[in-house]
Amino acid sequence: MARTDRDRHLLDLLRAESASLAGIAAAAAGGADGGAGLAAPVASCPGWHVADTVGHTGTVHRRVTALLEGTDASSLPDPPGAAALVDWFRAGADALAAALDRRDPDDEVWTFSSVGDRTVRWWLRRQALETALHRVDVADATGGAVGPLDARLAVEGIRELLVDFLPRAVAGPDGDGAGPLPGGTLHLHATDVDDGGEWLVDLSARPVDVREGHAKADTAVRGPASALLLRLWNRPPGAPLEVFGSPAVLDGWAAIRF
């Protein structure tokens, strides 16, 4: 099995982020308010509450597990009520981690990657990121401390967003655009990694042009990798970001629907 240090790191992070999300949800369910914390609205996912976010993440875990194991995911039950929700989530997270651990990361499997990555490794990264982002969501919604994502994971997340998700989002479902979008160029610089932490994004180009490395841009944003990723996903960054040049490109980013 061709498992790398990166693969092991991602699997460890998936387990850690799942445990953290479950812990936050358990505290919300068992608080002095009798579990009303699970009904707290999640600002970064309009229309969702904490219970919805936990249920969504747990359902995604189960769907990916079914995909990896070749079983039918079409009849998965809905998430349970508040009393059983956290235990249900933990069971699904454990099953996903075990399924990923059993598979060779290089094995071919269906993914929704727009760049043609059809490996188990794609899901390993995607699920570590999905779980980490929703851990941030539930922590923010319940008023807890929103700890940063692991810097290496955040860099992978920025690259995934820019290379795999952004071109498709900008093209729209029919390849004819996705509504009003920011133009101009954006330079991103993750300050807490030794290499691979800079990108130039030309949002005026079609297809969108993304290059790694240092370059001048209309708008430049510097800060920790976690804060950059959270800002790009329209979450509170949790750490200060430096913005140089015109803020218009970054301000218009929220128009993009991923």
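Annotation for R206: atom CZ counts as buried by contact number, over 12 foreign heavy atoms lying within 6.0 Å. Annotation for E108: atom CD does not count as buried by contact number, only 12 or fewer foreign heavy atoms lying within 6.0 Å. In this structure, D72 places its CG atom where more than 12 heavy-atom neighbours from other residues, nucleotides or ligands lie under 6.0 Å away.
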Inset, instruction - List the steps, then state whether side chain to side chain contact (heavy atoms under 4.5 Å, CB included) holds for W48 with H56. - result: CA-CA 10 Å; W48 283 12; H56 163 80; 3.3 Å; yes

Legend entry - L10 and L153: CA distance, side-chain angles, deciding distance, side chain to side chain contact (heavy atoms under 4.5 Å, CB included) verdict: CA-CA 7 Å; L10 288 171; L153 177 63; 3.7 Å; yes

Legend entry - Working for side chain to side chain contact (heavy atoms under 4.5 Å, CB included), residues L133 and L230: CA-CA 8 Å; L133 284 170; L230 292 174; 3.7 Å; yes

Inset, instruction - May I have the step-by-step check of side chain to side chain contact (heavy atoms under 4.5 Å, CB included) for D107 and L68, ending in yes or no? - result: CA-CA 10 Å; D107 282 352; L68 294 170; over 6 Å; no

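E212 is not listed as a side-chain neighbour of E198, based on a closest heavy-atom distance of 4.5 Å or more. Side-chain contact check for V201 versus D209: every heavy-atom pair is 4.5 Å or farther apart. With contacts defined as side-chain heavy-atom distances shorter than 4.5 Å, the pair R222/H187 does not qualify. Using a 4.5 Å heavy-atom cutoff, the side chains of L228 and V155 are not in contact. Side-chain contact between L11 and R15 is present, with heavy atoms from C-beta onward closer than 4.5 Å. The closest side-chain heavy-atom distance from V163 to V115 is below 4.5 Å. With contacts defined as side-chain heavy-atom distances shorter than 4.5 Å, the pair S114/F165 does not qualify. A 4.5 Å side-chain heavy-atom check between R126 and T111 finds every atom pair outside the cut-off.
Atom CZ of R211 and atom CG of L162 lie 14.0 Å apart (nearest 0.5 Å). Between the CG atom in D137 and the CD1 atom in I24 there is a gap of 10.0 Å [rounded to 0.5 Å]. Within the model, atoms CZ of R231 and CD1 of I158 stand 12.5 Å from one another, a figure rounded to the nearest 0.5 Å. D52 CG to L38 CG: the interatomic distance, rounded to the nearest 0.5 Å, is 10.0 Å. Residue L14 holds its CG atom at 13.5 Å from CZ of R125, rounded to the nearest 0.5 Å. The distance from atom OG of S44 to atom CH2 of W233, rounded to the nearest 0.5 Å, is 11.5 Å.
P79 and T59 make their closest contact through CG-OG1, 3.7 Å (heavy atoms, listed as atom of the first residue, atom of the second, distance). Among all heavy-atom pairs drawn from A225 and A151, the shortest one is CB-O, 3.8 Å. Pairing each heavy atom of F258 with each of A169, the nearest pair is CD2-CB, 3.8 Å. Across all non-hydrogen atoms, the minimal contact from F112 to R168 is O-NH1, 2.8 Å. In plain terms, the two heavy atoms of W88 and R62 that are nearest each other are O-NH2, 2.7 Å. In terms of heavy atoms, R63 sits closest to A73 at NH1-O, 3.2 Å.
Using a 4.5 Å cut-off between side-chain heavy atoms of Ile, Leu, Val, Met, Phe, Trp and Tyr, with links allowed through other members, F244 and L241 fall into different hydrophobic clusters. By the rule that hydrophobic residues join a cluster once side-chain heavy atoms approach within less than 4.5 Å of another member, V249 and L200 end up as members of separate clusters. Hydrophobic clustering places L229 together with W122 (ILVMFWY residues linked when any side-chain heavy atoms are closer than 4.5 Å, directly or through intermediates). Criterion: ILVMFWY side-chain heavy atoms under 4.5 Å apart, direct or through other members. Under it, V193 and L13 are part of a common hydrophobic cluster. W110 and L96 fall within a single hydrophobic cluster, where Ile, Leu, Val, Met, Phe, Trp and Tyr side chains are chained together by heavy-atom contacts under 4.5 Å.
For the residue pair T119/D106, the side-chain donor-acceptor check at 3.5 Å is not satisfied. Looking only at atom types and distance, the side chain of T4 has no donor-acceptor partner in the side chain of H9 under 3.5 Å away. Looking at D202 and T185, their side chains never bring a donor and an acceptor atom within 3.5 Å of each other.
Between the side chain of W253 and the backbone N or O of L232, at least one donor-acceptor pair lies under 3.5 Å. Between the side chain of D94 and the backbone N or O of A91 there is no donor-acceptor pair closer than 3.5 Å. For the pair T131 (side chain) and Q127 (backbone), a donor-acceptor distance under 3.5 Å is present. Remark: the backbone N or O of L149 is paired with a side-chain donor or acceptor of S226 at under 3.5 angstrom. Here the side chain of T71 pairs no donor or acceptor atom with the backbone of L67 at under 3.5 angstrom. Remark: side-chain polar atoms of R118 are paired, donor with acceptor, to backbone N or O of S113 under 3.5 angstrom.
Annotation: cation-pi geometry not satisfied between R103 and W123 (NZ/CZ under 6.0 angstrom from ring centroid, within 45° of ring axis).
Between D7 and R3 there is no salt bridge, since no side-chain nitrogen of the basic residue lies less than 4.0 Å from a carboxylate oxygen of the acidic one. Electrostatic pairing of R135 and E17 counts as a salt bridge here, judged by a charged N lying under 4.0 Å from a carboxylate O. Electrostatic pairing of D164 and R159 does not count as a salt bridge here, judged by no charged N lying under 4.0 Å from a carboxylate O. The residues D140 and R235 are annotated as not salt-bridged, no charged nitrogen and carboxylate oxygen being separated by less than 4.0 angstrom.
Residue L250 is tested with V221, D218, L188 for a side chain to side chain contact (heavy atoms under 4.5 Å, CB included); the sole match is V221.
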